[in-house]
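Remember, it's a predicted structure, so these values are computed and weren't measured experimentally. In what follows, chains carry the letters A, B, and so on, assigned in the order in which the sequence lines appear, proteins first and then strands, with residues in each chain numbered from 1.
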There are 2 protein chains.
Amino acid sequence: MTELPDGSVWIDAETKIADAPADHRDDLRLWLRLLTCTNLIETEIRRKLQSHFDFTLPRFDLLAQLDRAEDGLVLGEVSKRLMVSAGNVTAIVDRLIGNGHITRSPAPHDRRVQIIRMTPEGRRAFRAMAGQHGDWIGDMFDDLGPGDIEMLMGLLANLKGSVRRSLSNGGAS
Amino acid sequence: MTELPDGSVWIDAETKIADAPADHRDDLRLWLRLLTCTNLIETEIRRKLQSHFDFTLPRFDLLAQLDRAEDGLVLGEVSKRLMVSAGNVTAIVDRLIGNGHITRSPAPHDRRVQIIRMTPEGRRAFRAMAGQHGDWIGDMFDDLGPGDIEMLMGLLANLKGSVRRSLSNGGAS
DNA sequence: CGGATATATTTTGAACCTAAAGTAATGGAT
DNA sequence: ATCCATTACTTTAGGTTCAAAATATATCCG
């Protein structure tokens, strides 16, 4: 048994006893790569949305939710689906109303509730942007084969599961 | 040859002629999953950094760069490494100076250049946070085996390559 | 030397984002 | 009927982010 530089102890090629704090080096490298990849793509999408349509990603994301809801959506539902705070939704909605892409009206049965709906121009604008958006993503992912995509989907599902487990455990507080 | 519902044409099990706009459905699903995963982890790290240390992720990231540079870093270099705008670096640096974590001083050879360095308290605070940060990531990634991690590293490297190719081609404008 | 150009940083204005406080309306429970 | 808790949303204050304009300094060229 040999003492290693980091203070842990080497048993064989597969076993390392954690008598010293684990360093999580590979996890951190993977996290960094994941973050870099995502930011690279997201930044490019933001840039293109801005230069082609003078639009922002949060507004696009909100319209994407609304596009699938023929009867509009309640603000709370939008907040949940986009996983952003209610106050944030209010701000984005205000701007989309200002541009004429959506409307906001109180629900008839409960005056606390506000329902937003796409206007025809909003829908038209969104459809045009969504088509381009799909092409942009398609182009950025073009080197990945169907097998790569499937494998990534699976591994990311595992990761998501692991993260959710950690969250529900109050993991490491 | 059969007309399909989406307007494209079926040849055999492997070939589909794109006379209709491609829909990139799988690419979009993968992108959505990637984004969701990353945001889930990032949000949790932000939350824990805030509740445990009253600190923010951008400030942590800046200190992480500075921690490895014994002689400090020039602001432009920080901007490049963090991949954020120079104006953004200025704002974060101002706050870190306010908290006493770093210092800023003009370079002797070129008075345009500002060099930032960690203070001893800054270094101490960062080291404490970095240890916890590693544990948090380690816990969130705990369900992934070494094989999963290696495979993800490889697939994400492929994706990164694909994205960079697309960017350099001015892909889809 | 002097002027044009380039570089490094800061400032400004606008958008996004959150947590927490505030407002308004609903739905009990007594 | 009235109080109380809950719910839905908005407002506020503070931090992050960018693009573009402003500032200051350095460098190059004639």
Side-chain angles (χ1 to χ4, degrees), chain A residues 35 38-40 42-63 72-99 101-116, chain B residues 35 38-40 42-63 72-99 101-116:
Chain A
L35 190 57
T38 302
N39 285 344
L40 202 58
E42 189 175 347
T43 300
E44 179 63 7
I45 294 295
R46 283 180 196 273
R47 198 187 63 70
K48 282 198 161 92
L49 228 31
Q50 186 63 238
S51 66
H52 288 241
F53 298 107
D54 190 27
F55 220 69
T56 64
L57 189 52
R59 297 203 267 249
F60 177 82
D61 288 341
L62 195 153
L63 289 192
L73 282 175
V74 164
L75 289 186
E77 183 60 25
V78 174
S79 175
K80 258 182 241 159
R81 292 198 193 181
L82 297 179
M83 297 191 287
V84 300
S85 67
N88 191 8
V89 170
T90 296
I92 295 173
V93 162
D94 285 345
R95 292 190 187 98
L96 284 170
I97 292 173
N99 289 343
H101 288 103
I102 67 173
T103 61
R104 172 175 43 197
S105 47
H109 62 291
D110 184 339
R111 278 186 299 174
R112 291 170 304 179
V113 175
Q114 299 282 330
I115 298 174
I116 56 176
Chain B
L35 190 57
T38 303
N39 285 344
L40 201 58
E42 190 175 346
T43 300
E44 178 64 6
I45 294 295
R46 284 181 196 272
R47 197 187 63 71
K48 281 197 161 91
L49 228 30
Q50 186 61 239
S51 66
H52 288 244
F53 299 107
D54 190 26
F55 220 68
T56 65
L57 189 52
R59 296 202 264 243
F60 178 82
D61 289 341
L62 195 153
L63 289 192
L73 282 175
V74 164
L75 288 186
E77 183 61 24
V78 174
S79 174
K80 258 182 240 157
R81 292 198 193 180
L82 296 179
M83 299 191 286
V84 301
S85 68
N88 190 3
V89 171
T90 296
I92 295 172
V93 162
D94 285 345
R95 293 198 182 92
L96 284 171
I97 292 173
N99 289 342
H101 289 103
I102 68 174
T103 61
R104 172 175 43 197
S105 47
H109 63 292
D110 184 339
R111 278 188 300 175
R112 291 171 303 180
V113 175
Q114 299 281 331
I115 298 175
I116 56 176

Does the side chain of [Y] come within less than 4.5 Å of [X]'s, by heavy atoms?
X        : Y        : result
B:Ile102 : B:Leu63  : yes
A:Gln114 : A:Val74  : no
B:Val93  : B:Arg104 : yes
B:Leu62  : B:Ile116 : yes

Considering non-hydrogen atoms only, spot the tightest contact between [X] and [Y] and give its length.
X       : Y       : result
B:Ser79 : B:Ser85 : OG-C, 3.8 Å
A:Arg46 : A:Pro58 : NH1-CD, 3.9 Å
A:Phe55 : A:Phe60 : CE2-N, 3.6 Å

Of the nucleotides [options], which one has an atom closest to the side chain of [X]?
X        : options               : value
B:Val113 : C:dT26, D:dT11, C:dA8 : C:dA8
A:Arg59  : C:dA15, D:dT6, D:dT17 : C:dA15
A:Leu75  : D:dT10, D:dT16, C:dA8 : D:dT10

Would you kindly give the [atom1]-to-[atom2] distance between [X] and [N], to the nearest whole Å?
X        : N      : atom1 : atom2 : value
A:Arg95  : D:dT10 : CZ    : P     : 13 Å
B:Asp54  : C:dA19 : CG    : P     : 14 Å
B:Asn88  : C:dA8  : CG    : C1'   : 16 Å
A:Gln50  : D:dC18 : CD    : P     : 13 Å
A:Arg111 : D:dT10 : CZ    : P     : 15 Å
B:Lys48  : C:dT18 : NZ    : P     : 18 Å
B:Asn99  : D:dG15 : CG    : P     : 9 Å
A:Asp110 : D:dT6  : CG    : P     : 17 Å

Query raised in the report: Does B:Arg104 or A:Val89 map to a spot on DNA chain C nearer the 5' end, using the closest nucleotide for each?
Result: B:Arg104
Counting the atoms with a prime plus P, OP1 and OP2 as sugar-phosphate, which does [X] contact under 4.0 Å by heavy atoms, base, sugar-phosphate, or nothing?
X       : answer
B:Ile92 : sugar-phosphate
A:Val74 : sugar-phosphate
A:Gly76 : sugar-phosphate
B:Thr90 : base

**Report entry** Interface residues of residues 78-86 of chain A with DNA chain D (non-hydrogen, below 4.0 angstrom)
**Finding:** A:Ala86
Query raised in the report: Hey, is the side chain of A:Arg112 pairing donor to acceptor with the base of D:dT7 inside 3.5 Å?
Result: yes
